[in-house]
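Working notes, beginning with the structure itself.
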Amino acid sequence: MSTNSLQFTAISGANNEDAVCYILEIDETKIMLDCGSYEDYSSEALAQLQRVARQVDAVLLSHPDAAHVGAYPLAYSRYGMTCPAYATQAVGMMGRLCMLDIAKSLRAREDFTLFDEKDVNQAFDNITPLQYSQPMALSGKHSGIVVTAYSAGHTIGGSIWTISNGTEVVLYAMDFNYVKEELLNKGNLLEGNLGQVNPRLMRPTLLITDAYNALYKLPTRKRRVEWFLNSVANAVKRGGNVLIPVDSAARVLEIAYVLNEWWPRERSRKDNYTLYLLGRCAKKMLSFAQSLTAWMADGIGELGSKDSKPFDLRHVVVVQSIEDLEKRMNGSGRRGRAKRAVVLASLEGMSMSFSQDLFVRWAAERRNAIILPQRGPPGSLTRDLFSRWLDRTQRESRSAASAASASATAAAAAAAAAAIAAAVLEPVELKRFSGTEIGVTLRRRIPLEGTELENWLAQERRRKEQEAAREAMLQRTRMMLDADNMSSDSDSDDDSPMEMGMRSLRDMDTIALSEIDLEMERLRSGQSYDLHVKDRGRVRGLDAQNQSYCMFPFQEKIRRFDDYGEIYDLEQFMEEVEIDESTNLAPDAMDRDYESEDSDSQKDARPTKPIKEEMRVHLNCLLGFVDMEGRADGTSASSILVQIMPKRVVIVHGTASSTQALAEYCRDPQVPVTKEIYTPGIGETLNVSSGFNAYKLKLTDALFKQVSMRDVGQGNMLGFVSGRIRFTQEDEIPVLDVDSAGLESAWQAPTMVGDSKLSSLRVALETRGISAHFDSEGTLVCDGKVAIRRKQNRFSAASAAAASASAPAAAAMAGIQILGTPSQEYYAIRTIVYEHFAEI
């Protein structure tokens, strides 16, 4: 017998809107749920992540954005978190590009050393790709735990996870969307068009969910998309440029697809404006997206013509540098005027990268506009602009409410008051913030000049000379070791020549580098013209001593042979193969072909140094916000939570007010949901175990053949078993075998198992020609003679049989009561109800 232990610890993203990272402990197994961090990499959560990284046994990644995968390359390459990681194929591919974009942006602006592009690729190569609804047992001693990914919507490949271990089932549902979008399908939490929760995800032992939108009530998605497009159209008509900050590889796909489908509807917009996608990995992102059409909505991967490609954004021009953007914008439009631009620029926080550069250049122009499709990370420039826009909108709503109150119009006052609470969600016009100044911290690299450039060149020459001398010294040492091994062939007759060659290479690698450096410095400085080589001959005997000989620094290479010819070092003949991007690449090959076009130019550029400067930017342009984040709002999330019917709930990833609001809603006595609600803080560990006892037994083949299994739906089989437990020294788990002595006298009262919903019973009755309807109290009335209602407590089959013999007759099973006068109709209806359940 064992009791499953469940513990939850929040590393980041609890009672705040920081990036998410949590630890779920199931018995002795530690599973990390997401590993996110925003671009600053300076939060205290990284210190906590470093302390637990080596203890983690598995990592589950939900979405391909910085909030969910931002710290994964750092934890893998620097913190030692090399355990298996699991994600859908789309999350693995797009998450890789997201982190490559962030790494390139940071290294282009400062001396960022936490991780580089190589670390990103090594980390994401470690991910095991999964498909939706594919159960995956963890490796090694944790094989009893099974994880399964289901569609969450929100991003391409985005997942909600179920983690199962015996009787314990944990549902991890973060940032989900139940509404189908233009590019993405809805999540699997709800199935069909009736808004019912997927039965496979109901009644978990523990539900971990977020309160990010708990205080918001969104209008319909159609209305939000129309307002977003109208905002872009109105900004275009003013004759200015439009900046839309987006992420690298997550929500940008949906936004770009919506704009691409809308763009050709007006000819003047096509002639005088160009729709750009600006990002360091933008071309590779679109290339990857074309191979992931199976993860998109139905019909996205269909080809419209012979020349078209799947997911072909033909109206979007992809650029990967500010210089390329300016060069294209300087081209002429109609009537010789320079063409304006609508730019989707990364990153969404505008704290660095191209979106910040364009903000600094365009914010002071009155005709330009900035449209925010997301609120942005906390502390970012995007979040600052959103807060200013929200405060301005709420002040105007309060003024409207005051004016309505003064005019004594109750309806207008109520409408204005309601608009205050939902101002962030309702479509409003773009705002102008004339005279407003915003402080911006610019980090960039500038070329070295003058004395700094000369010092750098001199240092670089010395470094190359030292590397060349060091390489020469190592090469001489390799040749000498080969010669020494040849002289000792007689002492190693049992070893094959290939094994001796490999050993010589390993021996060279174990030589102390300090000794090599000392000899190299003596030769290079002219202090010595001889190389002192120790006698490595294996001289046996009591008087054997190590001797050294004075030699010129030259050693002839002695070629070594085996039965097949001369032995070569294969590494000298290996070279990287360049992949042609014009060919159709498999997803695995595309994952490794990550270098963008500007990588080579950055390597060959002049030496630079990072600088940091503070500046004040005049905000004279138009500013607007529309929710295009693709998350369920607070009302929908609360309703879905109730339908899931979890036994315990942990609420994370939301402000303190939104977290408390969702918790208070669940604690309301009128809300039919569990009252075990937890709102942990950062670093707080919760014990959320159910306390159920789990028994592990092995059934013998003889016993299993005697069990009568019944189908109880959803692919589950159930049967009653009776036997005798025996313990053996060979098996660690007890064995349940046939009890031949008590088998004939064994008897088990029948038990009814199945779906006890009255609505499903009504369908079954109407199928058999019996009219059934619900009265005002929720009782199912059949033919006006028999009533079926739900009973809170459960009765045994014996009590049900006794109750059915009385008048008025009553039969109860699985929380169902059948009331009526004994008659032919009563027994016919009771038979149908019995057939609806499985008798065990």
Side-chain angles (χ1 to χ4, degrees), residues 61-69 87-102 132 151-159 175-177 179-187 221 224-225 228-229 232 244-263 275-302 308-320 342-348 353-355 371-374 376 587 590-591 594 596 626-631:
L61 303 176
S62 303
H63 296 280
D65 54 10
H68 296 82
V69 302
T88 60
Q89 179 190 15
V91 169
M93 294 176 64
M94 289 303 182
R96 181 194 299 262
L97 290 181
C98 171
M99 296 313 302
L100 286 175
D101 195 345
I102 292 176
Y132 285 144
S151 174
H154 179 57
T155 60
I156 184 169
S159 309
D175 297 331
F176 58 87
N177 188 13
V179 178
K180 181 182 180 299
E181 300 186 271
E182 295 293 332
L183 180 68
L184 303 175
N185 280 321
K186 65 179 182 179
R221 182 187 179 276
R224 284 179 282 135
V225 172
F228 175 72
L229 297 176
V232 176
I244 305 175
V246 293
D247 51 41
S248 304
R251 291 298 300 172
V252 60
L253 291 173
E254 175 71 23
I255 297 173
Y257 185 81
V258 169
L259 288 173
N260 179 77
E261 296 298 308
W262 168 77
W263 196 256
L275 179 60
Y276 292 100
L277 177 59
L278 176 61
R280 297 183 185 274
C281 299
K283 291 184 178 180
K284 193 58 59 183
M285 184 269 293
L286 291 182
S287 177
F288 280 18
Q290 291 176 355
S291 68
L292 296 174
T293 54
W295 299 85
M296 302 177 185
D298 298 337
I300 298 298
E302 298 178 358
S308 63
K309 299 179 181 179
F311 191 67
D312 186 14
L313 304 182
R314 59 180 60 196
H315 302 292
V316 178
V317 179
V318 179
V319 290
Q320 299 191 152
V342 176
V343 183
L344 302 173
S346 64
L347 296 161
E348 75 272 20
S353 193
F354 299 137
S355 57
I371 301 176
L372 308 177
Q374 304 177 80
M590 293 174 65
D591 285 351
Y594 62 88
S596 59
V626 58
D627 192 301
M628 295 290 289
E629 295 179 345
R631 292 184 176 94

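On a predicted model such as this, the values are computed, not experimentally measured, just so you know. Positions are given from 1, in the same order as the sequence printed here.
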Measure the spacing between [atom1] of [X] and [atom2] of [Y] and express it to the nearest 0.5 Å.
X: Ile255; Y: Asn260; atom1: CD1; atom2: CG; value: 13.5 Å
X: Leu253; Y: Thr155; atom1: CG; atom2: OG1; value: 9.5 Å
X: Glu181; Y: Tyr257; atom1: CD; atom2: OH; value: 12.5 Å
X: Leu292; Y: Met285; atom1: CG; atom2: CE; value: 11.5 Å
X: Lys186; Y: Ser151; atom1: NZ; atom2: OG; value: 10.0 Å
X: Gln290; Y: Leu313; atom1: CD; atom2: CG; value: 8.0 Å

side-chain contact (heavy atoms from CB on, under 4.5 Å) between Asp65 and Met94, intermediate numbers included: CA-CA 8 Å; Asp65 54 10; Met94 289 303 182; over 6 Å; no

Contact check, side chains of [X] and [Y], non-hydrogen atoms, under 4.5 Å:
X: Leu184; Y: Asn177; value: no
X: Phe354; Y: Val343; value: no
X: His154; Y: Arg251; value: yes
X: Leu344; Y: Val316; value: no
X: Glu348; Y: Val246; value: no
X: Leu347; Y: Ser248; value: yes
X: Leu61; Y: Thr88; value: no

Stepwise side-chain contact (heavy atoms from CB on, under 4.5 Å) check, Phe228 with Ile244: CA-CA 11 Å; Phe228 175 72; Ile244 305 175; 4.0 Å; yes

Stepwise side-chain contact (heavy atoms from CB on, under 4.5 Å) test for Leu286 and Asp312: CA-CA 9 Å; Leu286 291 182; Asp312 186 14; over 6 Å; no

Ala152: partners by side chain to side chain contact (heavy atoms under 4.5 Å, CB included), with sequence neighbours left out: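 Per chain and number, Ala152 pairs via side chain to side chain contact (heavy atoms under 4.5 Å, CB included) with His63, Ile160, Phe176.
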
Test salt bridge (charged side-chain N to carboxylate O under 4.0 Å, His left out) applied to Arg631 - qualifying residues, sequence neighbours left out: Asp175, Glu629

Looking at every heavy atom in both [X] and [Y], which two are closest together, and how far apart are they?
X: Cys281; Y: Leu100; result: SG-CB, 4.0 Å
X: Tyr132; Y: Ser159; result: CE2-OG, 3.9 Å
X: Gln320; Y: Ala282; result: OE1-N, 3.6 Å
X: Val91; Y: Gly157; result: CG2-O, 3.0 Å
X: Ser346; Y: Asp101; result: OG-OD2, 3.4 Å

Glu254/Arg221 salt bridge by N-O under 4.0 Å criterion: yes

Verdict with supporting geometry, Ser291 and Met93, side-chain contact (heavy atoms from CB on, under 4.5 Å): CA-CA 10 Å; Ser291 68; Met93 294 176 64; 3.7 Å; yes

